[in-house]
Amino acid sequence: MNIYADNRMLSEGLIGGTVSRHAGDMRQTANQNEVFGKLGIPQDKMLRFHQIHSDKIIRIASDADALSLLSRPAQDADAWIFSCGGWGGVIQTADCVPLFLWDETANVFALAHCGWRGVAAQLPYKTALAMKEAGAQGLIYAWAGPHIQSCCFEVQEDVARQFSVCSVIHKEGKIFVDLNAEISLQLQLAGLTAANLKTPYYCTCGDSENFFSWRRDHIRQNLLSFIYKP
Ligand SMILES: [Zn+2]
């Protein structure tokens, strides 16, 4: 099992990243818990929601918020924002972008499930703004984990027109969307500086050894991404 993560985030005391497919299909909670067990993360502190490719954000600002969430059936949402320690959040992807954000003090941190629909709905932008409302201090940093890259993300015109022209690539009669470019644009509009955004080129669709990919395999198997602050 490999964990893809940003050292800047880890050095701030956050634990998180995207786990390679070797750890199994993360639609199974038991597989998630096995990963958390190996990392020494308390399983009962990791929160889950029901992903719907939306712009809905859940904020956890206190133990009470987390306990309230745990007492109810899984809520519909696609992004987590935490402004308290002791809890973490989980998302699942198989081509969508796991977008990690944290502020300079690492007291406010976020993890968003950004499929193309979520990106088109401005979820990266809205998450960064909501972090500021949640009390983010100083600079905000961002890291986009493994997802389908522009080499493989071919779309039709109806999808392409939902993105800014600079994120759309026309090549040999085909149309591709560069989600990294679109996310970077949104985060810069939200006030982040380009130097604080990292979008490494790990393509879930192109790397079958390490990643599940819905686009490539058409099999429902998901990768795990998580963020946690002890
Ligand atoms: Zn690719």
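Atoms within a ligand are numbered from 1 in the order they appear, just like the ligands themselves.
- For the Zn ion (ligand 1), protein N, O or S atoms under 2.8 Å: 3 in total.
- With sequence neighbours excluded, no residue satisfies side-chain hydrogen bond (donor to acceptor under 3.5 Å, both in side chains) with His218.
- Aromatic pair Phe109/Trp80: centroids not less than 6.0 angstrom apart.
- By the side-chain hydrogen bond (donor to acceptor under 3.5 Å, both in side chains) test, Asp217 is found to be paired with no residue, residues two or more places apart in sequence or in another chain being considered.
- Asp207 meets the side-chain contact (heavy atoms from CB on, under 4.5 Å) test with Glu209, Asn210, Phe211; sequence neighbours excluded.
- Here the closest heavy-atom approach between residue His147 and residue Asp95 is recorded as CB-O, 3.3 Å.
- Ring centroids of Phe226 and Phe36 are separated by less than 6.0 Å, placing the two rings close together.
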